[in-house]
2 protein chains.
Amino acid sequence: MSLTNILNLVDSIGNLLRSEEKKFLQPLGLQPIHLHVLMYLSMCNKYSNNPAALTKYLGNTKGTTSQSINVLESKGYLVKQKSKKDKRIVKLYLTEQATEIIKKLSFEDSEDFFNDRSMEITENVLTNILKSLQLSNQSMTFGICKTCDFFIDEGDGFRCGLTEEVLFDYEIDLVCQEHESELQDI
Amino acid sequence: MSLTNILNLVDSIGNLLRSEEKKFLQPLGLQPIHLHVLMYLSMCNKYSNNPAALTKYLGNTKGTTSQSINVLESKGYLVKQKSKKDKRIVKLYLTEQATEIIKKLSFEDSEDFFNDRSMEITENVLTNILKSLQLSNQSMTFGICKTCDFFIDEGDGFRCGLTEEVLFDYEIDLVCQEHESELQDI
DNA sequence: TATTATAGTATCGACTCAATACTAACAATA
DNA sequence: TATTGTTAGTATTGAGTCGATACTATAATA
């Protein structure tokens, strides 16, 4: 029972998921990287749906990211829109065509497969592993809004302590590139 | 607490590991796929260190695998050797140069980070997730020798029930392409 | 022996990716 | 306001991966 074992398992599951992804994407003429872009955009918030955040998330160069985006745009999976606040920034929005693909690839929960307590512990361990890896590599944390240190619950609503903006209910479960937090206890 | 959450975590950790891998591999002139080949060869047994098994494991075509192997061979990371039993089969062996790279990339265990019971449960849940994914996709299981249904403990030694061959101690922790097993209880 | 199946290779075109150089927009300062 | 530097993103090009196809060599089978 060691961290190495767990990381090897994570890697094996990842390999398998990617291998299955490939079979699914082939007929659509898409590459794995394109699906990762779509997945990211489907779960990130309004501060994080731009090429720069994608570049950090994917670990590619910005030129490479730019090309991946162009491919997806030309195939109708996303649309670009210049930010009005800062005209250098491009906002990326998924099309209906893209969200349908993502829906097909999401897993239906088989709740009866493991007991709740085991799932909870597993989720906690993995969350902490992810965070400690992110910390030790000085990479962006890209966590979920509501788990961020900047997140403020005002009782009658939510607010981001960094941008000072009000957050709608649906936004607090999305991934943010500005996410910051300490490790949780288990 | 759901399977989807856990798979998303697995995916995120996988993305991060790959992103870090890339930074490490860049100066060596290697691609991620090459590292996966080396990793696989470092943990597979004598029935599984051939291009065909690699092809199944990686989910690529055999032509693609052949090219990846050639790149690694030309850079001195592995050597080929024709099987004497079956002259169609090529055995792949890692060089010293390759094992050094793998050593650098393996994680040192930080045992104090999580408690043993949590780690054990996590490992178990992930193992079962992996197995059920493998089953539902009819993909090769590629499990560890000693967890295989063909594995025989004879008291004074070990044996493979499929090939009938005697197994040395160091072999029973290696990955085998012929691995078969049922799901474990948790 | 003839046929079929298996293991692996060679070649080529499509495509990804990194590197480089570039433009446009913003920010800071004098 | 003009200057300088920074940030966000794009365009181009060359190296290299990958998949498809066609191929050789060996083994298994009828």
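Quick note on labels: first sequence line is chain A, next is B, and so on, each numbered from 1. Remember, predicted model here, so these are calculated numbers, not experimental data.
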**Request:** Looking at every strand, decide which applies to A:Lys82 at a 4.0 Å heavy-atom threshold: base, sugar-phosphate, or nothing.
**Result:** nothing

**Prompt:** Nearest-Å distance, CG (B:Asn70) to P (C:dT11)?
**Reply:** 11 Å

**Asked** Would you say B:Asn50 reaches C:dA7's phosphate, i.e. side-chain N/O to OP1/OP2 under 4.0 Å?
**Response** no

**Request:** Give the rounded distance in Å between these two atoms: CZ of A:Arg88 and C1' of D:dA8.
**Result:** 6 Å

**Request:** Nearest-nucleotide wise, let me know which of A:Pro51 and B:Thr64 is further upstream toward the 5' end of DNA chain D.
**Result:** A:Pro51

**Spacing between B:Lys87 atom NZ and D:dA25 atom C1', to the nearest angstrom** = 11 Å

**Asked** Would you say the side chains of B:Asn15 and B:Ser12 form a donor-acceptor pair under 3.5 Å?
**Response** no

**Complete:** B:Leu58 CG to D:dC18 P, in whole Å, measures 9 Å

**Asked** Rounded to whole angstroms, how far apart are CZ on A:Arg18 and P on D:dT17?
**Response** 17 Å

**N/O (side chain, B:His34) to phosphate O (OP1/OP2, D:dT17) under 4.0 Å** = yes

**Request:** Flag the pair A:Glu120 and A:Arg117 as a salt bridge only when some basic side-chain nitrogen lies within less than 4.0 angstrom of an acidic carboxylate oxygen.
**Result:** yes

**Prompt:** Do B:Thr147 and B:His179 have a side chain donor and acceptor closer than 3.5 Å?
**Reply:** yes

Name each donor-acceptor pair under 3.5 Å that joins a side chain in residues 160-167 of chain A to protein atoms two or more places apart or in another chain, with its distance.
residue	atom	partner	partner atom	Å
A:Thr163	OG1	A:Tyr47	OH	2.8
A:Thr163	OG1	A:Glu165	N	3.3
A:Glu165	OE1	A:Tyr47	OH	2.3

**Fill in**
Residue pair B:Ser68/A:Lys62 against DNA chain D: nearer the 5' end by closest nucleotide is A:Lys62

**Request:** Could you check how far CD1 of B:Ile89 sits from C1' of D:dA27, rounded to whole Å?
**Result:** 10 Å

**Item:** Selected nucleotide, minimal atom distance to B:Gln26 side chain, candidates C:dC17, C:dG8, C:dA19
**Value:** C:dA19

**Asked** With a 4.0 Å cut-off on heavy atoms, is B:Gln67 in touch with a base, just the backbone sugar-phosphate, or nothing at all?
**Response** base

**Request:** Figure out the CD1/P separation between B:Ile69 and C:dA10, and round it to whole Å.
**Result:** 12 Å

**Request:** Quickly work out the B:Leu92 CG to C:dA7 P distance and round it to whole Å.
**Result:** 14 Å

**Prompt:** Does the pair B:Glu20/B:Lys23 count as a salt bridge with the N-to-O cut at 4.0 Å?
**Reply:** yes

**Message:** Applying a 4.0 Å non-hydrogen cut-off, can you work out what B:Lys91 is touching in the nucleic acid: base, sugar-phosphate, or nothing?
**Reply:** nothing

**Prompt:** Considering only C:dA18, D:dA27, D:dT10, which nucleotide approaches the side chain of A:Lys80 most closely?
**Reply:** D:dT10

